[in-house]
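These notes concern the structure reproduced below.
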There are 2 protein chains.
Amino acid sequence: MNTIESFLESKKVRPTAMRLLVYKYMTQSNVAKTLGDIENAFAKADRTTLYRTVKTFEEKGIVHQVDDGTGTIKYALCEAGCNCDIDRDLHLHFRCNNCRETTCLTEHKIPQINLPDGYIAEDMNLVIKGICEHCSG
Amino acid sequence: MNTIESFLESKKVRPTAMRLLVYKYMTQSNVAKTLGDIENAFAKADRTTLYRTVKTFEEKGIVHQVDDGTGTIKYALCEAGCNCDIDRDLHLHFRCNNCRETTCLTEHKIPQINLPDGYIAEDMNLVIKGICEHCSG
DNA sequence: TTAATAAATGCACTTCCGTTGCATGACTAC
DNA sequence: GTAGTCATGCAACGGAAGTGCATTTATTAA
């Protein structure tokens with residue numbers, strides 16, 4: 001039995017051909033992808049199908065959205081310890097100004113922030129822009 | 001001599017009627033505004049004019065963009081110590097999940113973050129979502 | 001004061017992206 | 001095998017950012 005197939009089933013997502021392909025695609029790099037990226041990778045498939053595939057993945061906790069400030073939503077695979085669904089995933093994201101790619105720095109958590117009185121934090125997003133490991137080398 | 005007028009001139013922005021109005025509008029609350037907000041406030045004015053007005057303000061360091069994760073760009077006045085143009089303004093932004101408004105917490109700077117080897121930070125953006133002062137009271 | 005120049009404004013239009021409605025096709029359960 | 005659920009594909013919509021060009025307004029130079 002295929003591992004991806006059983007993984008999707010464990011997440012209560014029917015492992016259709018399209019979903020297997022998209023999931024596999026997302027595992028091939030640790031870089032967050034836009035819907036456009038995915039469309040380009042599967043030119044034959046319909047935009048809407050890919051859109052809904054990713055939305056399904058999101059609902060089932062397989063991927064999470066990444067907002068890196070480019071204005072277009074990106075998606076990245078959830079890691080083992082990714083608690084997106086519970087109390088949000090507080091790792092940070094890095095966007096490279098050179099190669100334009102966004103990576104999840106999963107092991108780097110957002111530090112504690114002191115807010116002014118009356119403000120209650122529920123979620124946060126930290127994006128750092130600069131030069132990535134690959135481009136600075 | 002009008003203070004707003006001379007302020008705009010000091011920023012090398014010609015103080016036209018439209019620009020004075022938009023600037024004044026932005027000073028009336030400390031909440032970041034979308035282009036749509038501004039359009040609604042000045043229904044008679046043309047979209048493009050407002051768009052370019054705000055862009056001009058941005059270029060001249062009068063306002064800065066705020067990306068609060070809603071997908072639509074917002075703008076807020078730069079404060080006296082706002083170094084958007086030099087090495088980026090590292091204050092944080094708070095978006096209220098109740099009233100949907102985004103405020104600049106200018107006095108709250110983003111703490112130092114340790115990045116993995118090879119990563120060079122040039123800019124960062126931290127958005128905290130939750131309940132604001134006004135809505136939690 | 002007027003002519004020449006530059007800047008600001010307004011209109012029309014385009015593009016990009018996310019999203020939805022609806023019809024068809026595939027799979028599952030009984 | 002049939003009914004029903006879920007997945008897919010096509011078409012279209014809507015919001016927001018952005019551009020080209022013509023027109024108006026302001027600034028400067030003669």
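Basis for what follows: all heavy atoms, side chains included, without hydrogens, waters or symmetry-related copies.
Listed in residue order, the members of residues 33-40 of chain A having a heavy atom less than 4.0 Å from DNA chain C are Leu35(A). Within residues 20-28 of chain B, no residue is approached by DNA chain D to less than 4.0 Å at the level of any non-hydrogen atom.
Within 4.0 Å of Arg47(B), counting heavy atoms only, lies at least one base atom of the nucleic acid.
The backbone N or O of Arg14(A) lies less than 3.5 Å from a partner atom in the side chain of Arg19(A), making a donor-acceptor pair. With hydrogens and angles ignored, the 3.5 Å screen pairs no side-chain donor or acceptor of Thr34(A) with any backbone N or O of Ile73(A).
Every residue was checked against the side-chain hydrogen bond (donor to acceptor under 3.5 Å, both in side chains) condition with Asn125(A), not counting sequence neighbours, and none meets it. Residues satisfying the salt bridge (charged side-chain N to carboxylate O under 4.0 Å, His left out) test with Glu101(A), not counting sequence neighbours, are none. Under the side chain to side chain contact (heavy atoms under 4.5 Å, CB included) criterion, Pro111(A) pairs with Pro111(B), Ile113(B), not counting sequence neighbours. Residues passing the side chain to side chain contact (heavy atoms under 4.5 Å, CB included) test with Tyr25(A), sequence neighbours excluded: Gln28(A), Lys33(A), Asp37(A), Ile38(A), Ala41(A), Phe42(A). When the side chain to side chain contact (heavy atoms under 4.5 Å, CB included) test is applied to Asn30(A), the partners found at least two apart in sequence or on another chain are Thr103(A). The side chain to side chain contact (heavy atoms under 4.5 Å, CB included) test applied to Ile62(B) returns Phe7(B), Leu8(B), Lys11(B), Val13(B), Tyr23(B), Phe57(B), Lys60(B), Leu77(B), not counting sequence neighbours. Residues meeting the salt bridge (charged side-chain N to carboxylate O under 4.0 Å, His left out) test with Glu39(A), sequence neighbours left out: Arg47(A).
Distance check, rounded to the nearest 0.5 Å: CD1 of Ile110(A) to CD of Gln112(A) gives 11.0 Å. One distance of note links NE2 of His93(B) with CG of Asp68(B); it measures 9.0 Å at 0.5 Å rounding.
A ring pair (Phe, Tyr, Trp, His ring centres under 6.0 Å) check over residues 108-137 of chain A, counting only residues at least two apart or in different chains, returns the pairs Tyr119(A)-Phe94(B).
When DNA chain D is scanned in the 5' to 3' direction for atoms under 4.0 Å from non-hydrogen atoms of chain A, the outermost contacting nucleotides are dC6(D) to dA12(D).
Not one side-chain nitrogen or oxygen of Tyr51(A) sits closer than 4.0 Å to the OP1 or OP2 atom of dG18(C). Taking side-chain N and O atoms only, Lys55(A) has a distance below 4.0 Å to OP1 or OP2 of dT19(C).
The separation between Leu50(A) atom CG and dC17(C) atom C1' is 14 Å, rounded to whole Å. Atom CD in Gln65(A) sits about 13 Å away from atom C1' in dT19(C), given to the nearest Å.
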Distances under 3.5 Å between protein N/O atoms and the N/O atoms of nucleotides 9-11 of chain C, please, pair by pair.
{"residue": "dT9(C)", "atom": "OP1", "partner": "Thr16(B)", "partner atom": "OG1", "Å": "2.9"}
{"residue": "dG10(C)", "atom": "OP2", "partner": "Thr49(B)", "partner atom": "OG1", "Å": "2.9"}
{"residue": "dG10(C)", "atom": "O6", "partner": "Arg52(B)", "partner atom": "NH2", "Å": "2.6"}
{"residue": "dC11(C)", "atom": "N4", "partner": "Thr48(B)", "partner atom": "OG1", "Å": "3.2"}

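The hydrophobic cluster containing Ile4(B) also contains Val22(B), counting ILVMFWY residues as joined when their side-chain heavy atoms lie under 4.5 angstrom apart, directly or transitively.
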